Amino acid sequence: MGKSYARIDGRLRTFIEEQPVFFTGTAPLSADGTVNVSPKGLRGSFAVLDELTVAYPDFAGSNAETIAHLRENGRITLMWCAFQGPPDIVRVHGRGEPVFRDDPRFEELLTHFPDIDAGRHGLRSVIVVRAEHIRDTCGYAVPFMAYEEDRDLHGKRFAREDDASLSAYFAKKDHVATSLDGLPGLPLPLPPRSV
């Protein structure tokens, strides 16, 4: 039923690029730490950089568990499910890192997301993942669901923020600068963009 792949190309690449939502899973090294699973959406907010490297923008939110876990140990799994068409589930297990706004790589990474207006979503970083294991399995138990459209609420909420107000917003949240388990999360105040 399942098959491993050496790279993200062909049918596999097409499949993951066509999905309107994917999920990330991370965890701290501590055995009693909190495992985090996050849904990710917005058309155009995922990119295959090469056959083993993928990336997605990390938008403003009420916590920063993925960032904290990646800063501590780098482990991450990305998962896509087919909610339409043939039943398929694809997982990319790998090592990731948050590339923050003051990193010289940040602006070049943004060019991979031409349909995303970074100013509307409170962009904090770009998550870059290097695949170590790529696998697909059957999605026989995944239900059929229809994609209608992206919600516009996130863009409406964060479009009115600038760097100072975003930093203030994040500073008020309990689990942005520090994770649920006390790990360093998003550097605050937000680093300025390097341009």
Side-chain angles (χ1 to χ4, degrees), residues 1-31 33-59 61 64-100 103-116 118 121 123-150:
M1 292 265 219
K3 181 179 176 184
S4 293
Y5 298 85
R7 61 191 57 84
I8 301 167
D9 62 4
R11 180 198 64 81
L12 200 64
R13 179 176 181 158
T14 299
F15 173 78
I16 64 177
E17 288 180 333
E18 287 178 348
Q19 302 313 306
V21 65
F22 66 99
F23 303 87
T24 66
T26 60
L29 293 175
S30 171
T34 305
V35 175
N36 185 65
V37 178
S38 293
K40 305 294 179 187
L42 293 181
R43 287 282 189 182
S45 66
F46 180 82
V48 177
L49 305 185
D50 63 41
E51 294 178 334
L52 291 174
T53 312
V54 299
Y56 66 90
D58 171 61
F59 299 125
E65 298 304 300
T66 301
I67 286 175
H69 296 158
L70 293 179
R71 291 181 72 186
E72 184 201 37
N73 62 63
R75 298 176 305 167
I76 188 168
T77 298
L78 308 176
M79 184 184 77
W80 298 261
C81 298
F83 294 112
Q84 298 175 340
D88 201 4
I89 299 170
V90 174
R91 290 179 182 86
V92 171
H93 306 270
R95 298 281 168 179
E97 68 169 314
V99 176
F100 295 115
D103 188 301
R105 299 171 293 167
F106 184 81
E107 295 302 325
E108 190 279 324
L109 285 167
L110 285 185
T111 66
H112 294 278
F113 311 102
D115 297 330
I116 297 296
H121 294 284
L123 187 61
R124 306 184 301 189
S125 70
V126 175
I127 305 296
V128 178
V129 178
R130 182 81 173 164
E132 294 179 338
H133 189 79
I134 305 158
R135 187 161 174 81
D136 74 345
T137 56
C138 74
Y140 293 168
V142 175
F144 283 110
M145 291 191 287
Y147 168 78
E148 293 179 21
E149 62 186 18
D150 286 340

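The structure displayed is predicted, hence computed values, not measured ones. Note that the numbering runs from 1 along the sequence shown for the chain.
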(request) Nearest 0.5 Å please: distance from the CD1 atom of Ile134 over to the CZ atom of Arg7. (result) 8.5 Å

(message) With a 4.5 Å cut-off on side-chain heavy atoms, are Asn73 and Thr26 touching?
(response) no

(request) Determine whether Thr24 and His69 make a side-chain contact, defined as any pair of heavy atoms from C-beta on separated by less than 4.5 Å. (result) no

(request) Just jot down the ring-ring contact (aromatic ring centres under 6.0 Å, His included) partners of Phe113, sequence neighbours excluded, or say none. (result) none

(message) Please verify the inter-ring angle class for His133 with His93; under 30° counts as parallel, over 60° as perpendicular, anything in between as tilted.
(response) tilted

(request) State, to 0.1 Å, how close Cys81 and Val142 come at their nearest heavy-atom pair, and which atoms those are. (result) CB-CG1, 4.2 Å

(message) Do Asp115 and Arg43 make a side-chain contact, defined as non-hydrogen atoms from C-beta onward lying under 4.5 Å apart?
(response) no

(request) State, yes or no, whether a side-chain contact exists between Val126 and Asp103 at a heavy-atom distance under 4.5 Å. (result) no

(request) Look up atom NZ in Lys40 and atom CH2 in Trp80, then write down how far apart they are to the nearest 0.5 Å. (result) 12.5 Å

(message) My understanding is that only one of Arg71, Arg130, Arg105 makes a salt bridge (Lys or Arg N to Asp or Glu O under 4.0 Å) with Glu97; could you say which?
(response) Arg105

(message) Within the 4.5 Å heavy-atom criterion, are Phe83 and Val21 side-chain neighbours or not?
(response) yes

(message) Tell me the closest heavy-atom pair linking Leu123 and Pro57, and the distance in Å.
(response) CD1-CB, 3.4 Å

(request) With the side chain counted from C-beta on, respond yes when Ile116 and Phe59 share a heavy-atom pair under 4.5 Å apart, and no when they do not. (result) yes

(request) Locate the shortest heavy-atom distance separating Phe144 from Gly85; write the atom from each residue and the value. (result) CE2-O, 3.7 Å

(request) Please list, chain by chain and in numerical order, all residues satisfying side chain to side chain contact (heavy atoms under 4.5 Å, CB included) with Thr14, sequence neighbours excluded. (result) Glu18

(request) Could you label the plane-to-plane angle of the Tyr56 and Phe22 rings as parallel, tilted or perpendicular, counting under 30° as parallel and over 60° as perpendicular? (result) perpendicular

(message) Counting C-beta onward and ignoring hydrogens, is there a side-chain heavy-atom pair between Ser38 and Thr66 closer than 4.5 Å?
(response) yes

(message) Looking at every non-hydrogen atom in both residues, tell me the closest pair between Ile8 and Ala131 and how far apart they are.
(response) CD1-CB, 4.5 Å

(request) Identify the heavy atoms of Pro28 and Arg75 that sit nearest to each other, and give their distance. (result) O-NH2, 3.0 Å

(message) So that I can tick it off, tell me whether Lys3 and Asp88 are bridged by a salt bridge, with the cut-off set at under 4.0 angstrom between side-chain N and carboxylate O.
(response) no

(request) Please check if the side chain of Glu51 supplies one atom and the backbone of Asp9 the other of a donor-acceptor pair under 3.5 Å. (result) no

(message) Please report the interatomic distance CZ(Arg11) to CD1(Ile16), rounded to the nearest 0.5 Å.
(response) 10.5 Å

(message) How long is the straight-line distance from OG of Ser45 back to CG of Asp150, given to the nearest 0.5 Å?
(response) 7.5 Å

(request) Check Tyr147 against Gln84 and note the closest heavy-atom contact, atom names and distance. (result) N-NE2, 3.5 Å

(request) Only one of Asn36, Leu70, Val35, Val37 passes side-chain contact (heavy atoms from CB on, under 4.5 Å) with Glu65; say which it is. (result) Asn36

(request) State, yes or no, whether a side-chain contact exists between Val99 and Ser125 at a heavy-atom distance under 4.5 Å. (result) no

(message) Working to the nearest 0.5 angstrom, can you tell me the gap between Glu132 CD and Thr77 OG1?
(response) 9.5 Å

